[in-house]
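A note on names: the letters A, B, ... follow the listed sequences, proteins ahead of strands, and every chain is numbered from 1.
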There are 2 protein chains.
Amino acid sequence: MSYYSLSSLAQTPFSNVPLHVRGVGGERSQLAELLQLMGSAEDPGWASDMSVLMRRLRSGETLFHQGARAEAVYFVRAGTFKTFRIAEDGYEQVLGFSGRAEVLGFDAICMGQHPTASIALEDSSVYAVSMRDILRPSQRIPALDQVVTLAVSRALTQQGELADVMAAVAAEVRLARFMLQLSSRMEACGQSPRRFRLRMGRRDIASHLGVAHETVSRSFQALARWSLLSVSNREVEILDMNGLKTLAHCTRRHLDDIDPLRSPGQAAGTAQAGRPVPDRAIA
Amino acid sequence: MSYYSLSSLAQTPFSNVPLHVRGVGGERSQLAELLQLMGSAEDPGWASDMSVLMRRLRSGETLFHQGARAEAVYFVRAGTFKTFRIAEDGYEQVLGFSGRAEVLGFDAICMGQHPTASIALEDSSVYAVSMRDILRPSQRIPALDQVVTLAVSRALTQQGELADVMAAVAAEVRLARFMLQLSSRMEACGQSPRRFRLRMGRRDIASHLGVAHETVSRSFQALARWSLLSVSNREVEILDMNGLKTLAHCTRRHLDDIDPLRSPGQAAGTAQAGRPVPDRAIA
DNA sequence: CGATCAGTTGAAGGGTCTCAACGCGAGTGG
DNA sequence: CCACTCGCGTTGAGACCCTTCAACTGATCG
């Protein structure tokens with residue numbers, strides 16, 4: 001079965017379950033778990049009938065479809081999600097990738113339906129808070145409000161980073177910036193910022209960066225050629241973090257003389273033709 | 001004095017004024033005005049000591065600087081703002097343009113400082129709500145909460161549109177999409193969606209679309225050549241809304257045979273060389 | 001009226017798109 | 001077990017759109 005056509009069996013997570021789930025049965029309140037996930041130190045107390053559901057998704061399963069009715073806002077508990085939009089002609093625009101503690105679906109509130117779709121790139125899980133509870137002024141929990149506000153502000157900031165990778169720069173620079181973004185997020189999750197596994201395919205990266213997927217391949221090859229990183233399939237290791245950052249700062253199309261020369265680990269020889277940036281490896 | 005160097009005299013709107021401004025002195029509460037601006041039907045009552053300030057800005061004046069401490073969230077009352085970020089090398093990336101009833105500065109919450117800057121493109125005014133009031137769980141006003149939630153959701157949606165104009169399409173298509181976005185917003189404000197005045201310069205548009213400013217000029221010329229719109233300086237009139245939408249739907253680089261042919265007002269003759277899209281005017 | 005900047009137009013070069021072909025791995029069913 | 005299929009990733013070659021540099025015009029303003 002196709003990767004993308006794996007359609008969710010339960011598109012509307014609140015349709016088949018009782019809406020109000022308290023922390024009953026001796027287990028911990030899912031609201032409390034959500035607050036902890038999002039870094040809140042406060043305790044919600046037990047008086048709330050706030051509806052928080054945990055949902056697990058297999059790799060390729062969709063969290064919500066484009067155009068689906070807005071029924072909940074989601075907080076990523078584990079895994080990775082891809083948010084995208086499909087144009088009438090089938091062209092898929094990837095808007096971003098989201099990981100632990102990030103919010104999804106918030107942009108659906110103002111329209112009543114999701115302008116984008118999100119699918120899991122690996123086995124994942126989310127906490128879902130119903131739209132009603134997000135919007136209804138009564139029954140609001142201060143701790144949750146703060147958590148939501150912060151998460152949404154982060155989402156807004158991240159959307160700004162989308163402009164960084166797509167705007168007015170060479171393909172290698174876009175990829176360098178994207179790799180640095182991923183590295184930062186890995187570090188924020190306690191993982192190694194220098195070595196990680198890409199959760200998304202080349203085509204997804206290409207759509208996210210606004211280039212052809214062949215260009216992504218060639219840009220990876222280029223970054224590896226200047227010894228900034230090494231890549232094997234989806235395994236990435238950043239070899240020269242400073243060099244990568246320097247390259248990411250380039251805004252011009254011609255990155256001729258702006259080459260990443262600090263931290264010279266090897267002789268900049270060979271001058272293999274083809275690229276304006278001096279080559280620094282055997283290739 | 002330079003357009004961009006016009007630095008604000010009062011960068012921190014809450015530094016010189018008493019923090020708690022009630023609706024005293026017989027005039028209407030600014031909180032009530034803010035709620036009305038944002039489309040809320042509810043009345044906040046008079047018990048709140050929520051701090052809402054109105055601030056006027058001249059054209060070119062800065063609402064908040066990049067890196068400035070996050071002190072308030074702003075709601076545009078009138079005018080137009082440009083939100084942008086400046087890289088270390090001085091390259092300016094325009095992230096968006098905001099008009100009436102839109103929220104600005106919300107992305108500063110999660111970091112404590114503004115990742116972007118905003119300046120007024122014309123004489124404008126905003127309502128400022130202090131960060132404290134946005135975050136503090138007590139003293140919150142249900143009506144304001146709803147309004148903020150909706151505005152932020154809209155902002156998130158708009159940020160998604162940024163991807164539309166910058167991603168993977170020809171320059172003319174980017175411009176067409178941007179013009180349609182502007183048209184929609186003009187209509188939402190009760191203005192004519194077919195004829196309006198651009199508030200921003202070509203360079204701002206170029207940075208927003210991710211192309212060179214010369215390319216913006218040429219794209220305007222192209223759109224005018226296919227009779228989709230007419231442009232004179234910053235005055236724009238959309239002549240063929242459907243044709244513009246059809247063009248905006250193109251996602252491929254080669255827009256050869258996908259030309260906007262419906263609504264044929266004149267003979268598609270002349271075949272003036274140079275562009276893959278059939279020309280339809282005398283030029 | 002001169003200065004400055006926004007906007008336009010032209011020419012040349014190059015980076016990226018597109019089309020193609022190939023190797024590879026995973027999932028599938030005979 | 002293995003051929004088969006399908007999609008991912010890579011590599012190559014040519015076309016072409018966009019960038020860059022440059023010069024010019026027009027508008028705005030002191």
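In terms of the side-chain hydrogen bond (donor to acceptor under 3.5 Å, both in side chains) criterion, residue partners of A:Thr80 (sequence neighbours excluded) are, by chain and number, A:Glu122. Scanning for side-chain hydrogen bond (donor to acceptor under 3.5 Å, both in side chains) contacts around A:Ser118 gives A:Thr83, with sequence neighbours left out. Here A:Arg197 pairs with A:Glu235 under the salt bridge (Lys or Arg N to Asp or Glu O under 4.0 Å) rule; sequence neighbours left out. With sequence neighbours excluded, no residue forms a side-chain hydrogen bond (donor to acceptor under 3.5 Å, both in side chains) with A:Arg58. Contacts of B:Arg185 classified as salt bridge (Lys or Arg N to Asp or Glu O under 4.0 Å), with partners at least two apart in sequence or in another chain: B:Glu102. Take B:Glu237 and apply the side-chain hydrogen bond (donor to acceptor under 3.5 Å, both in side chains) test, not counting sequence neighbours, and it matches B:Arg195. Scanning for ring-ring contact (aromatic ring centres under 6.0 Å, His included) contacts around A:His114 gives A:Phe64, with sequence neighbours left out.
The NZ atom of A:Lys245 lies 13.0 Å from the CG atom of A:Leu228; values are rounded to the nearest 0.5 Å.
Put simply, B:Ser217 has no side-chain N or O that comes within less than 4.0 Å of OP1 or OP2 on C:dT9. B:Gln221 has no side-chain polar atom (N or O) that falls below the 4.0 Å cut-off from OP1 or OP2 of C:dT8.
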For nucleotides 21-25 of chain D, give me every protein contact, N/O to N/O, under 3.5 Å, one pair per line with atom names.
from, atom 1, to, atom 2, distance (Å)
D:dC21, N4, B:Glu214, OE2, 3.1

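Per the geometry, CZ belonging to A:Arg203 stands 13 Å off P belonging to C:dT18, to the nearest Å. The CD-C1' distance, from A:Glu172 to C:dG14, rounds to 13 Å in whole Å. Distance A:Leu121 CG to D:dC8 P: 12 Å, rounded to the nearest Å. One interatomic measurement links the two molecules: CG of A:Leu223 to P of D:dG9, which rounds to 17 Å at whole-angstrom precision. Atom CE in A:Met200 sits about 18 Å away from atom C1' in D:dG7, given to the nearest Å. The CZ-C1' distance, from A:Arg197 to D:dC8, rounds to 12 Å in whole Å. What separates CZ of B:Phe220 from P of C:dT8 is a distance of 8 Å, to the nearest Å. Distance CZ (A:Arg199) to C1' (D:dC8): 18 Å, rounded to an integer number of Å.
Between A:Thr215 and A:Asn233, it is A:Thr215 whose nearest contact on DNA chain C lies nearer the 5' terminus.
If you check D:dT19, D:dC18, C:dT9 against the side chain of B:Ala170, the one that comes closest is D:dC18.
In the helix from C:dC1-D:dG30 to C:dG30-D:dC1, the rotation axis of the first five pairs and that of the last five pairs differ in direction by 40°, rounded to 10 degrees.
Considering only heavy atoms from C-beta on, B:Val94 stays 4.5 Å or farther from B:Arg203 through its side chain.
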